[in-house]
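Read the structure below first, then the notes.
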2 protein chains.
Amino acid sequence: MQRNKGPEKNKATSAADVARLAGVSRSAVSRTFTDGASVSAKTREKVLAAAAELNYHVNHLARSISKEQSRPVCLLAANLDKPYHNLLLDALTKQLQQDGRIVMVINASSEPSSAEEAMRRALHYRASASVVMSGTPPQELVQACVDSGQKVIMINCNDDIENVHHIQIDYADAMQQAVTLFQQAGCQALSLVSSTKGTPSLLAREQFFISAAQAKGFEVTIWRGDNTNYEDGQQAAQALLSDHQPNHAYFCITDLVACGFMDTARHEFNLSIPDDISILGFDDIPQSAWQAYQLTTFAQPYQGIANRVSDILGEQQEADLTSRLNAIPKQRNSLHKEKREKS
Amino acid sequence: MQRNKGPEKNKATSAADVARLAGVSRSAVSRTFTDGASVSAKTREKVLAAAAELNYHVNHLARSISKEQSRPVCLLAANLDKPYHNLLLDALTKQLQQDGRIVMVINASSEPSSAEEAMRRALHYRASASVVMSGTPPQELVQACVDSGQKVIMINCNDDIENVHHIQIDYADAMQQAVTLFQQAGCQALSLVSSTKGTPSLLAREQFFISAAQAKGFEVTIWRGDNTNYEDGQQAAQALLSDHQPNHAYFCITDLVACGFMDTARHEFNLSIPDDISILGFDDIPQSAWQAYQLTTFAQPYQGIANRVSDILGEQQEADLTSRLNAIPKQRNSLHKEKREKS
DNA sequence: CTGAAAGCGCTTACAG
DNA sequence: CTGAAAGCGCTTACAG
């Protein structure tokens, strides 16, 4: 319980302090705290005792400047007020931490310049890797990161910059299933509620949905809001539901959009779900499971993405630069139950 | 566009490389990148040119080992799947980043040992400060951080460890207002839906609510779930609403609880809100504003907290160790409108 | 196994 | 203003 035992007041003790107290060299204390380094049981013990007494902890930041493996990983996050991004951030931080990585989070809010700012920071911190959780930073900056020896991992973004790792979700399967679900629910006409943002993952879902629908002979009408938030779903419903037909169904490009859509359908148009209207979402945010929504949706493989990132960081030689994961369907109650008779 | 100009392939260029190319000393390049250091316009220019050519960026991590002010700040976060924590994390990361800080996020999931693990990491990284966003890490670890020169800032946690900064919300006012709102809505009996978790901020809200209610002559019955999530709200409603009286109102200790409560009230008990039942929440998570809830609630002063953290980090001499902020009332539609006639 | 030494990439008195 | 030098806290060949 004695505090301030170290030489100076309020200053962290260093390996040198420990070495002095233990009567060994600085190298010896460094080695005791390095996995697999060769130290005799005896000196190890002396060091450990001294370290405990002085409350010493290796300075990981200092270590990271001489040891490649322990350099930090930068997470370039955005939209931290949105459930999808939080779920991904949660999975990623947990996994990387478990791998013993230092993780720095860079919050690139939605301003155009800030992805750039964020990437520049990653460069400053000499991260061993940068994980771009969403958005598309300027190509030359990404290039600069790669050039300075960083691994860059982009999630759900199909820019093709040289030597960048990509983790992509295979939306083809999921969209196929979506259309099948609508079909089973007896729907006859489909609307796609999407946005003009046009990010790669949005576009992929759109395209696969449309072609899957057309392959099965469905008409698809498209409505686009500015963004993919709750409010956009409300607007969509406002625009689309005034001439709603009972056998019409709606695929909302994100769960947030779906929630807004459902609320407006219910509270403004007095429609009952799923009796009057069938809806499907995407992302499986926690709210979709709420009783008010019970939304059938597709989960992003959050843990799968985290595992893949972890694998990539561990690899010496880069194997395949792009990896694909599947979305996971979550059946709930937002689709009509009994087959409707043809109208 | 020429890559790999530096001495070695795929290795970040260092200040030495720049010095060599610019024909100046290492100190000179260091100085050009240090605010307020004295360099002539001429050498500064030479350095800048060389740096641009080599794509050089100061290694902030290396800098942080010799420069106290640029040491990182650790954010000890938890429950990253819950809106409240995300909103706080969002505000904090944005602010600290704007202050030019490196921020590391440590994800202390809900396991008991993991707050400890998290705090130990903060120690390893020699952060200049640790911000405990929730939970209460073991006292001796916090002490160790303080002893090694870190500032420790705890949010919404009234443990009293020596030399730890506290940011607390003044719940007294808000709870007073809550009771007044219920009164204005013509409610006559109140239930408090809380949890057995008993964290400091939960307890504070409970106590202030109860005493404010009693001061105005209300009876308060208390119901406690295991946690403060959506599901706990559902359970509470299940337990409490079977003998619901029209003039009975419910204060839910968090918005998440309130959402669950409302959904069950509506879908299981067929109650209409706010006609049949008045509800109040706390936190102002984005979902409370959704049309399905329209919950009147109290916002945590997210930005205020972030500002305070920023101030504390900037202070040389610690002024007051504990700062208090007010919660912000958000009026929406979950309270009964017309005064009810006495039953 | 161990210590003295050189190194990582930076900063900052110190002397000129 | 500037460079040579010492320092920050660590690691890791190298020689014994």
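Residue numbering restarts at 1 for every chain, and letters A, B, ... go by the order of the sequence lines.
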- Round to the nearest Å and state the distance from A:Ile65 atom CD1 to D:dC10 atom P. 11 Å
- Task: Give one of base, sugar-phosphate or nothing for A:Tyr56, where a contact means two heavy atoms less than 4.0 Å apart.
- Result: sugar-phosphate
- Do A:Glu53 and A:Lys46 sit within salt-bridge range, that is, some charged N less than 4.0 Å from a carboxylate O? no
- Query: Over how many whole Å does the gap from A:Arg26 atom CZ to D:dC10 atom P extend?
  - Reply: 7 Å
- Task: Using whole Å, report how far CG of B:Asp35 lies from P of C:dT12.
- Result: 11 Å
- Task: Can you tell me the distance, in whole Å, between the CG atom of A:Asp17 and the P atom of D:dG7?
- Result: 15 Å
- C:dC10 C1' sits how many Å from A:Arg71 CZ, rounded? 15 Å
- Can you check whether B:Thr43 has a side-chain N or O nearer than 4.0 Å to OP1 or OP2 of D:dT2? yes
- Query: Checking all strands, does B:Ser14 fall into the base, sugar-phosphate, or nothing category for heavy-atom contacts under 4.0 angstrom?
  - Reply: sugar-phosphate
- Send over the distance from B:Lys46 NZ to D:dC1 C1', rounded to a whole Å. 12 Å
- For B:Ser38, which contact category applies under a 4.0 Å heavy-atom criterion: base, sugar-phosphate, or nothing? base
- Query: Does C:dG3 have OP1 or OP2 sitting under 4.0 Å from an N or O in the side chain of A:Ser25?
  - Reply: yes
- With pairs taken as Watson-Crick or G-U wobble and both distances under 3.5 angstrom, which stems of at least three consecutive pairs involve DNA chain C? C:1-3 with D:14-16, C:5-12 with D:5-12, C:14-16 with D:1-3
- Item | Atom-pair distance (NZ on A:Lys67; P on C:dA6), nearest Å | 22 Å
- Query: Which of these passes side-chain contact (heavy atoms from CB on, under 4.5 Å) with B:Ile312: B:Val131, B:Leu321, B:Ile153, B:Asn307?
  - Reply: B:Ile153
